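As the structure is a computational prediction, the values presented were derived from the model and not from experiment.
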Amino acid sequence: MTMAGISLWQLLIILAIVFLLFGTKRLRGMGSDLGEAIKGFKKSVSDDDKAEDTKSLEAEEKPTDSASKSEDKTESR
């Protein structure tokens, strides 16, 4: 006996059993909940990326700001 994969008929039978067990309304609700969860995850990942980018930019700018302030102090003396 070899495992050749799932045929179209086997997939249709599995889908019919799932529809009978859960019903279309419940499956639609689960699908929309899953979609919202994925959107929320993507949004949080992109927000984290933006926060890291701004932190790295701020870290790069801080040494140049402190250097220019020290130059201003030496010029005023």
Side-chain angles (χ1 to χ4, degrees):
M1 190 174 212
T2 62
M3 300 282 288
I6 297 177
S7 70
L8 179 63
W9 290 108
Q10 291 171 336
L11 185 61
L12 290 174
I13 291 171
I14 292 171
L15 288 174
I17 292 171
V18 168
F19 281 131
L20 288 174
L21 288 175
F22 294 109
T24 56
K25 288 183 182 180
R26 190 168 180 190
L27 287 174
R28 186 177 6 197
M30 286 191 298
S32 64
D33 290 343
L34 180 64
E36 289 176 17
I38 292 172
K39 286 179 185 177
F41 177 75
K42 286 182 179 179
K43 182 180 177 186
S44 67
V45 168
S46 66
D47 289 346
D48 288 344
D49 289 343
K50 289 178 186 176
E52 289 177 6
D53 290 343
T54 56
K55 286 180 182 178
S56 65
L57 288 175
E58 289 173 355
E60 291 175 1
E61 291 176 358
K62 284 183 181 179
T64 58
D65 290 341
S66 62
S68 64
K69 287 180 183 177
S70 64
E71 289 175 4
D72 291 339
K73 290 179 182 178
T74 57
E75 289 175 7
S76 63
R77 288 184 183 177

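Hydrophobic clustering (ILVMFWY, side-chain heavy atoms < 4.5 Å, transitive): L12 and L20 are in distinct clusters. With hydrophobic clusters built from ILVMFWY side chains whose heavy atoms lie under 4.5 angstrom apart, F41 does not share a cluster with I38. If you chain together hydrophobic residues whose side chains sit under 4.5 Å apart, I17 and F22 fall into the same group.
Remark: E36 CD to K39 NZ distance equals 7.0 Å, nearest 0.5 Å. We find the CG-CG distance between L27 and L21 to be 9.5 Å, quoted to the nearest 0.5 Å.
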Item checked: Check against side chain to side chain contact (heavy atoms under 4.5 Å, CB included), R28 and K25 -> CA-CA 5 Å; R28 186 177 6 197; K25 288 183 182 180; 3.8 Å; yes

